[in-house]
Structure formats: structure tokens, C-alpha cells
Amino acid sequence: MKVRKAVIPAAGLGTRMLPATKTVPKEMLPLVDKPVLQYIIEEAVESGIEDILIVTNRAKSAMDDYFDYFPELEHRLCRSGREEQAHQLRAVADMANFFYVRQRETRGLGHAIARARHFVGDEPFAVLLGDDIMMSKTPVLKQLIDAAEKYNCSCVGGQAVSDEALPAYCTTDLTHVEGRVYDVHHIVEKPKPEEVMSNFAILGRYVLTPDIFDILDATPPGRNGEIQLTDGLAELCHRERMVYVDFEGRRFDTGNLTGFLEATMEFALRHHETGAWLREYIKEKAKDL
Ligand code: G1P
């Protein structure tokens with residue numbers, strides 16, 4: 001099994017980050033000096049992905065503009081001696097082969113992934129959710145791809161979350177295989193207390209076989225009246241092997257205000273231009289608190 005393609009669903013309305021996301025896609029909000037989406041794409045590329053499909057909608061053309069050339073701006077930068085910056089802008093557009101498809105109706109994550117059928121064809125593919133930003137030594141998607149290739153099956157990635165947080169995610173029924181790898185027997189989206197099987201939630205990273213598409217097409221609306229990817233995954237893991245990787249790394253939920261601010265601080269503390277300054281600023285500020 002070789003995983004070369006990735007799908008990034010980015011057609012949500014961003015209602016948890018209003019008013020900022022009324023006209024700016026939440027995936028384009030800057031985390032220090034790059035949009036959130038660029039971190040996701042860098043993780044995919046560092047994991048060996050070559051072709052990337054972004055599932056978008058009619059209000060989000062800023063995303064395809066960002067991963068395109070901008071000759072006028074590049075010429076202007078070159079004329080003023082900023083060739084290095086012009087080169088960096090071009091390198092972003094050259095990171096991968098980008099494709100776009102519009103989800104014409106907002107009918108849920110499963111429905112968004114189902115739009116990728118023609119792009120994916122009959123290969124296994126990765127899914128990266130745009131809200132989940134990772135900070136890790138080995139890219140999180142690479143950890144999943146390694147497991148998917150080793151066990152020759154679908155693979156989902158996550159970590160244990162607290163009892164209080166779990167209802168916002170999903171719960172999994174797992175048995176240990178080796179190291180950080182488990183077999184998946186069942187998954188329930190946004191579990192009620194009596195449905196909790198474990199605290200291991202799936203956190204935004206998946207490697208799936210194309211068998212998911214027939215399943216998604218037949219999946220009825222689930223939680224919130226939306227077609228849920230998780231419901232499709234529950235069916236997929238009943239039909240064929242699926243493993244779970246308890247991935248190494250720190251995950252930030254940039255889809256809500258505190259998660260976004262947490263990620264901003266952590267990335268700013270590690271950024272060569274802002275790290276030292278922010279450390280000093282926090283120390284000074286802490287004296288007044
Ligand atoms: C989605 C998935 C859920 C997953 C979560 C975090 O939920 O449906 O299973 O645990 O992302 O990656 P959402 O954040 O869209 O409510």
C-alpha cells in the first residue's frame with residue numbers, strides 16, 4: 001500500500017470563530033505568519049503526499065488563491081531586492097499538486113469526503129482535518145501512513161482525551177496490537193455517557209481505503225442531522241481491518257478561540273522572529289497579573 005493522495009475538507013462555515021470567519025475562511029486565519037491550512041499541507045507533504053484535494057465552498061476562494069502564483073507581487077518583491085521572499089511565496093504554491101472541489105451543500109464531514117471519490121480513484125488516501133494542527137517530531141500523518149502500510153489497512157489517529165472533552169469527539173472500541181497501534185472494532189461519534197467505549201478519540205487524521213466511498217454514499221444523516229465520517233468509519237471497520245495509532249505529538253484544536261490562541265502562543269514561542277520577544281513579554285506581563 002502506498003499513500004500519495006490527501007483530502008483536506010475545508011468547507012465548514014467556521015461558526016465557532018465568528019465574527020472573524022464571516023468573510024475570512026477559518027483555514028486562512030494566521031497562526032503567527034502562516035495560515036492554518038499551510039501547517040496542514042506542510043504536514044501532508046512531509047509525510048510523502050504529492051496530490052492534495054481541498055474540499056471548499058463558494059465563500060472560500062481565498063484558499064485556492066493562496067496556493068497559486070502571484071506574479072505581480074513576486075515582481076514587485078524582486079524589484080525591491082526581496083527575491084528570497086518572492087521565492088518563498090512561489091515555493092508554497094509548488095509544495096504539492098493542488099486540486100479543488102466544491103461541496104455545494106453543507107451536509108457534514110462524511111458528505112465532504114464523499115466529494116473526493118473521483119480524485120481518489122482506487123488508491124488508499126489520507127484525510128487531514130483543517131482544525132487539528134499538530135506539533136510533533138515525526139509528522140503525525142507519517143505515523144499513520146507507516147501503520148497503514150505495515151498492516152495494509154485503513155488507519156485512524158488520535159489520543160486519549162478527558163471524560164469532559166470526549167462528547168465533543170468520538171469514542172473507539174480498541175484492542176492492543178503492539179507499541180502505539182490498536183485494532184479498531186467500533187466507533188461512535190459524539191458519544192452519550194452510556195455509549196463511551198474508551199477515551200481514545202480520533203483527532204483529525206485518517207488513512208482510508210477507497211471502500212469508504214460506497215459506504216458514505218449509503219450512510220444516513222447521524223449526529224446533528226449531518227452525514228458523519230465517523231458513521232462511515234464504524235461500518236468500514238466492521239467490513240475490513242482498521243488500526244488506530246495513538247500518535248506522538250501535541251494537537252491543537254484551532255477551530256475554537258482558546259485552542260487557536262494556545263496554538264498561536266506555542267508556535268510564536270518557537271518562531272525564530274518572535275520566540276525571544278514573546279518570552280520576555282510574557283514574563284513582564286505575568287508581573288501585573
Ligand atoms: C470531527 C469528527 C470527530 C473528531 C473531531 C476531531 O468532529 O467528526 O470524530 O473526533 O473532528 O478531529 P468536529 O470537530 O467536526 O465536531
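Numbers here are sequence positions counted from 1. First listed ligand is number 1; within each ligand, the first listed atom is number 1. Just so it is clear, the values below take in all heavy atoms, side chains as well, and ignore hydrogens, waters and symmetry mates.
- The distance between the ring centers of F98 and Y66 does not fall below 6.0 angstrom.
- Tested against R117, the residues D211, D214, D122 include a single salt bridge (Lys or Arg N to Asp or Glu O under 4.0 Å) partner, D214.
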Just list the N/O pairs, ligand 1 to protein, that are under 3.5 Å apart, with the distance for each.
residue, atom, partner, partner atom, Å
ligand 1, 7 (O), K190, NZ, 3.2
ligand 1, 8 (O), E189, OE1, 3.3
ligand 1, 8 (O), E189, OE2, 2.7
ligand 1, 9 (O), E189, OE1, 2.7
ligand 1, 9 (O), T230, OG1, 3.2
ligand 1, 10 (O), I202, O, 2.6
ligand 1, 12 (O), D132, OD2, 3.0
ligand 1, 12 (O), G204, N, 2.9
ligand 1, 16 (O), K190, NZ, 2.7

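- Figure legend: cation-pi geometry between R90 and Y69, with NZ or CZ positioned under 6.0 Å from the six-membered ring centre and within 45° of its axis.
- Atom NZ of K2 sits in a crowded spot, with more than 12 heavy atoms from other residues, nucleotides or ligands closer than 6.0 Å.
- Taking the ring centroids of Y39 and F267, they lie under the 6.0 Å cut-off.
- Salt bridge present: E195 and R223 bring a charged side-chain N and a carboxylate O closer than 4.0 Å.
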